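Keep in mind the model is a prediction, meaning the values are calculated, not measured. What you see below is based on every heavy atom in this structure, not just the backbone, and it leaves out hydrogens, waters and symmetry mates. Residue numbers begin at 1 in each chain, while the letters A, B, ... track the order of the sequences.
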2 protein chains.
Amino acid sequence: MIRKSTEIRQAQIKKAVLDIISEEGLHSISSRNVAKRVGITDGAIFRHFKSKPAILKSIMDDVKSGLLADLRAIASDDGNPESRLYRFLSTNIKYLMQNRGIAILLYSEAAHLNYKELRNQLHSVLSEQKSLISKIIRDGMKGGNWKKSVNIDDAAILYMGILIIFNVKLFMAGKDVAVDNYCKRMFNLMEEVLK
Amino acid sequence: MIRKSTEIRQAQIKKAVLDIISEEGLHSISSRNVAKRVGITDGAIFRHFKSKPAILKSIMDDVKSGLLADLRAIASDDGNPESRLYRFLSTNIKYLMQNRGIAILLYSEAAHLNYKELRNQLHSVLSEQKSLISKIIRDGMKGGNWKKSVNIDDAAILYMGILIIFNVKLFMAGKDVAVDNYCKRMFNLMEEVLK
DNA sequence: TTACGCAGTAAGCATTTACTTACTTAAGGT
DNA sequence: ACCTTAAGTAAGTAAATGCTTACTGCGTAA
């Protein structure tokens, strides 16, 4: 019986949850299953998190301070809009590729979860993503890089569609999705619409 | 205690399942919950369907003989590709609008369900949809309506993205999504890419 | 009028779930 | 070396799950 601090265990528990989601699906994140992966009993889980939704909430907080912080930085940096769009897209896609559990949480299942507060958090993550990409597009139109006739909201929808479809591809194709290739093709698709 | 035939009860049970999915989410379709909506006890459910997955399978069969049959007809009728694309899209979208439980099943949750056979059926519905839209696009390229430089697969992905995003909008916006408007805007978006 | 098939019920099955409780013991500061 | 703190366990809980069982009684065809 090796003992570890709550801080370490919380990280292990969150990792176990995400691994299970990507390997077995959301329905498999039971206390017992998670505990087994961490190497403790299910009772111990509740020493480190007060409830199961609290684990998921903590994961969403990580997304906010990780991915969203990066995206925020890109959306407002001093590159030109094309460059920002491309980096935004590929940062986003690569994050989803490397954090498949989170991808599933964000884009397929969490929306229909039981936990109300979690759903709100999901909402806010998605809508911030959308407003960041809208900003880049708006900048590009203002700067004359792209035509102004396209509805910004439609273009943002297209962007979200690209993310979701990537998630579906990940799910169906397994490990090996050609990320760089996908990013380039989808960047071109967006430019096709915007130019 | 009113008695009804198995045929009628099966239809009622399927309707109850879809209503529950759209109102409460997939996690709520327990035997007891479904039975309550139908107005019978949970034991009676298993007189009309041999198992819970069998209910979902029967629903997928309905989708195949309903929506998919309509889409197949449109993809091969004698209208021009632009007209077929528009009617294909709006038939598809309107069906999802009017069958929200099925929309959720198809585009968000079922992919991660436990039941293997159901997942296969889902797969086949989605990939037939994709191959039908690919046919329309190919016809339009052959006929000179659209340029041939666009990757057909990318365009089909875009189409699927439009459907999925519609599903997300449905989920977030509640009842009132402007269907006709959405269809027109997304049709234009696709033409923007294809022309 | 009787008898039988089939839709229904109520109760209970084994299992799983999230979570709690009573207790034990490892570990670190003093 | 001791002693407090907190990480851990084992064994429970109540509720929910899918499904089965033993039985009841309606309606139709003989």
So do the side chains of Leu26(B) and Ile104(B) get within less than 4.5 Å of each other, counting heavy atoms only?
-> no
Could you work out which one of dA11(C), dC6(C), dC19(C) sits closest to the side chain of Arg47(B)?
-> dC6(C)
dG8(C) phosphate, OP1 or OP2, under 4.0 Å from Thr41(B) side-chain N/O | no
Separation of dT17(D) atom P from His27(B) atom NE2, nearest Å, is 10 Å
Respond yes when some side-chain nitrogen or oxygen of Thr6(B) is under 4.0 Å from OP1 or OP2 of dA7(C), and no when none is.
-> yes
How many Å lie between CG on Asn33(B) and C1' on dT17(D), as a whole number?
-> 12 Å
Is it true that Arg72(A) and Glu128(A) have a side-chain N and a carboxylate O under 4.0 angstrom from each other?
-> yes
Mind calculating the distance between CD1 (Ile45(A)) and P (dT20(C)) to the nearest angstrom?
-> 13 Å
Atom-pair distance (CG on Asp42(A); P on dG12(D)), nearest Å | 14 Å
Is there a side-chain contact between Asp42(B) and Val34(B) (heavy atoms, below 4.5 Å)?
-> no
Heavy atoms under 4.0 Å, any strand shown: does Ser30(A) hit a base, just sugar-phosphate, or nothing?
-> sugar-phosphate
Quick one: label Ile8(A) by what it contacts on the DNA or RNA (base, sugar-phosphate, nothing), any heavy atom closer than 4.0 Å.
-> nothing
Does some side-chain heavy atom of Ile157(A) sit less than 4.5 Å from a side-chain heavy atom of Arg185(B)?
-> yes
Donor-acceptor pair present, Arg3(A) side chain and dT25(C) base, under 3.5 Å | yes
N or O in side chain of His48(A) less than 4.0 angstrom from dG8(D) OP1/OP2 | yes
Ile59(B) vs Ile102(B) side-chain heavy atoms within contact, under 4.5 Å = yes
Can you tell me how far C1' of dG12(D) sits from CZ of Arg32(A), to the nearest Å?
-> 11 Å
Comparing Ile40(A) and Ala44(B) on DNA chain D - which has the more 5′ nearest nucleotide | Ile40(A)
Rounding to a whole Å, what distance do you find between Glu7(A):CD and dA6(D):P?
-> 14 Å
Report the distance from atom CD1 of Ile13(B) to atom P of dA7(C), rounded to the nearest whole Å.
-> 11 Å
In whole angstroms, the gap separating C1' of dC6(C) from CZ of Phe46(B) amounts to 18 Å
